[in-house]
2 protein chains.
Amino acid sequence: MEDVETRELRYFVAVAEELHFGRAADRLGIAQPPLSRAIRRLEHRLGVELLERTSHGSRLTPAGEVLLAEGRTALDAVAAAARRAQRAGPKACLVLAMKPGGDAGLLPAILAAYEQSPDALPVEFAFSIGDRGAMLRDGRADVGLLHHPQNDLSGLATEELVVERRVVALAESHPLAACDELRMADLSAEEIPRFPEAARPGTGPLVGDVGELMQLVALGRAVALVSESAALRPHRGVVYRPVLDATPATLVVAWAESSRSREVAAFVTAARRAASEEASGTS
Amino acid sequence: MEDVETRELRYFVAVAEELHFGRAADRLGIAQPPLSRAIRRLEHRLGVELLERTSHGSRLTPAGEVLLAEGRTALDAVAAAARRAQRAGPKACLVLAMKPGGDAGLLPAILAAYEQSPDALPVEFAFSIGDRGAMLRDGRADVGLLHHPQNDLSGLATEELVVERRVVALAESHPLAACDELRMADLSAEEIPRFPEAARPGTGPLVGDVGELMQLVALGRAVALVSESAALRPHRGVVYRPVLDATPATLVVAWAESSRSREVAAFVTAARRAASEEASGTS
DNA sequence: GTCCTCCATACCCGGAGGGTATCGCCTCCG
DNA sequence: CGGAGGCGATACCCTCCGGGTATGGAGGAC
């Protein structure tokens, strides 16, 4: 069987996402006829129909659904290979993906421990609020600090660091601020902001970063569930209250399984050490 | 950045494995000059040197090492996407990779449970002695029964089924057959056969399948460590003795994380059920 | 029926990918 | 020390694939 080129996969993914050859061709920066031919050629080579063409758009066949899912991960893997090879050049570094403030206060200890490793590289930070898992999968980052179950960890290797209880950020003047502790049910009527990348749809206002989020909270226009360590950084006009029945967030160090280099392993070890020392120190 | 095509990755992997442009080109079925150019182009596009050319062969740079490892998994992912899409066509089926006899006796129960699932597909068997993990990674199979820690499970999702103690197969006439139980040290002087695909190198004779293996054992020319369930299938002239300090083998059901289809999930559920019923039934 | 939308077909062109011949360079050996 | 051989790079040519434009045909909306 002839093998599939990444260009063909990118083309198919574009069509499968748009369900429209014209728009997909537009997005890919090519004309529609070559795109149609490329998809037909791909279907013929695989011996499977991928799309049901109707006169108003197209639909995915079961095989198309499979190729969309698997093709995305394959494209991620190819991109990861290229990016990680690039970074392994003379000015090698380790890219850490994390949410600003999403380190449960462990970052200094982790970095200190990592820098003492003989395999340590300079660490670059890739701050991102929403897509840290994707950054690990497609090679934009090498290791990440992310949260379970808030982040999708599939396809990643992980190690748990600490479990963080979740607290709610409220305006000082908010009625609920009078309570010492809350339950999720108490928040059902509140506006909970969302970041644009958030997978789960909601009704809250969209915010771009943590600063905007806290601004909204301080104004009393919204409330926000955050990790308990975030409450250590006070914000003017905002108070924090524990939420008893919120599912706790587990901070994990994550990495792509295909990149089990010494450098990544050293970072994971450093993170593990920092977390366990933190746990024994504060207990 | 221009993206990397799978052809370029295949070319690079071939060169990186052969460390010789001529042999690699031969293996790829092309001439040497186009291959050299393709690699140079790839290096230039990534902005990194991948190989150190010497007059007697080539060596991998650190970036080349990274691209070799990541490129292999990327190629596997692309191949997996193509194969799984092909199989999702009209005559869809679920391919199960397993070692002959490597099911700890669970296979009938697993299949019975799976066939009752509403998502069940016809099951095809892909018997293989050595590379079942690779079959899952590159899409030749959808689910597999493999053993931890004998198999490399990296890049796969797994669920443990049963822990099997290991026993040694001996010829009836073998001196050690007189003992009721053995230790690994007792076997240190014995010939332990290897399958061609076995990663860990050894000195034992090469065997192609389980039949050959048992033949050798019956002749007293070798001994073999096998799972305790294998001892249930008697073989003429062969006896089994427990090995107290052999690390036990855990039978796991494994699948590629990117193919979390309903069919795969149903099979995993069936395997889990069969294993737990087996455990409670025999306890 | 008549548009309109969407995908497929027909045809052409440029350039990337592959082949052959040859060179430059290093190593090894006589 | 010099020639031979092996290895990768370069030069040059050609083919065919990937992409563009123009147009056709089918199906739904009104």
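Note on naming: letters A, B, ... go to the chains in the order of the sequence lines (proteins, then strands), and numbering restarts at 1 for each one.
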J.: Please tabulate, for side-chain N and O atoms in residues 113-122 of chain A, each donor-acceptor pair with protein atoms closer than 3.5 Å (sequence neighbours left out).
T.:
from	atom 1	to	atom 2	distance (Å)
A/Y114	OH	A/L121	N	3.0
A/S117	OG	A/D119	N	3.0
A/D119	OD1	A/R262	NE	3.4

J.: Without decimals, in angstroms, what is the distance between B/D26 CG and D/dG8 P?
T.: 13 Å
J.: For A/R40 and D/dC17, give me the distance from atom CZ to atom P, rounded to whole Å.
T.: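 These atoms are roughly 19 Å apart.
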J.: List for me each residue that meets side-chain contact (heavy atoms from CB on, under 4.5 Å) alongside B/A88, sequence neighbours excluded, and say none if there are none.
T.: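 Listed in chain order: A/A63, A/V66.
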J.: Need two values: the first and the last nucleotide of DNA chain C, 5' to 3', having an atom under 4.0 Å from any heavy-atom of chain B.
T.: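 Footprint of chain B along DNA chain C, 5' to 3': C/dG17 to C/dT27.
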J.: How would you list, by chain and number, every residue that makes a side-chain contact (heavy atoms from CB on, under 4.5 Å) with B/R72, sequence neighbours excluded?
T.: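 Listed in chain order: B/V13, B/E17, B/L68.
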J.: Tell me which donor-acceptor pairs under 3.5 Å the side chains of residues 32-39 of chain B have, and how far apart each pair is, sequence neighbours excluded?
T.:
from	atom 1	to	atom 2	distance (Å)
B/Q32	NE2	B/S36	OG	3.0

J.: When the distance from CZ of B/R59 to P of D/dG8 is rounded to whole Å, what number comes out?
T.: 12 Å
J.: Scan B/L146, B/T158, B/D131 and name whichever one has a side chain to side chain contact (heavy atoms under 4.5 Å, CB included) with B/N151.
T.: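 That would be B/L146; it is the only one of B/L146, B/T158, B/D131 passing the side chain to side chain contact (heavy atoms under 4.5 Å, CB included) with B/N151.
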J.: Strictly under 4.0 angstrom, non-hydrogen atoms only: write out the protein contact profile of nucleotides 18-30 of chain D, one letter per nucleotide from the 5' end, B, S or -.
T.: SBBBB----SS--
J.: Which side-chain hydrogen bond (donor to acceptor under 3.5 Å, both in side chains) pairs, counting each pair once, include a residue from residues 56-67 of chain B, with sequence neighbours left out?
T.: B/E52-B/R59
J.: Identify, with sequence neighbours excluded, every residue that meets side chain to side chain donor-acceptor pair (under 3.5 Å) alongside B/R221.
T.: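 Scan of B/R221 (side chain to side chain donor-acceptor pair (under 3.5 Å), adjacent residues dropped) gives none.
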J.: Mind checking side-chain contact (heavy atoms from CB on, under 4.5 Å) for A/S154 and listing every partner two or more places apart, or none if nothing turns up?
T.: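 With neighbours one apart ignored, the set is A/R137, A/D152, B/R260.
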J.: ring-ring contact (aromatic ring centres under 6.0 Å, His included): which pairs involve residues 126-146 of chain B, sequence neighbours left out?
T.: B/F125-B/F127
J.: Do any side-chain atoms of residues 89-99 of chain A form donor-acceptor pairs under 3.5 angstrom with protein atoms, and if so which ones, sequence neighbours left out?
T.:
from	atom 1	to	atom 2	distance (Å)
A/K91	NZ	A/Q86	O	3.3

J.: Kindly say if B/S36 contacts the phosphate of D/dG8, meaning a side-chain N or O under 4.0 Å from OP1 or OP2.
T.: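 It does not, given that no N or O in the side chain of B/S36 lies less than 4.0 Å from OP1 or OP2 of D/dG8.
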J.: What parts of residues 12-20 of chain B reach DNA chain D, counting only heavy atoms under 4.0 Å away?
T.: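 Under 4.0 Å from DNA chain D: B/H20.
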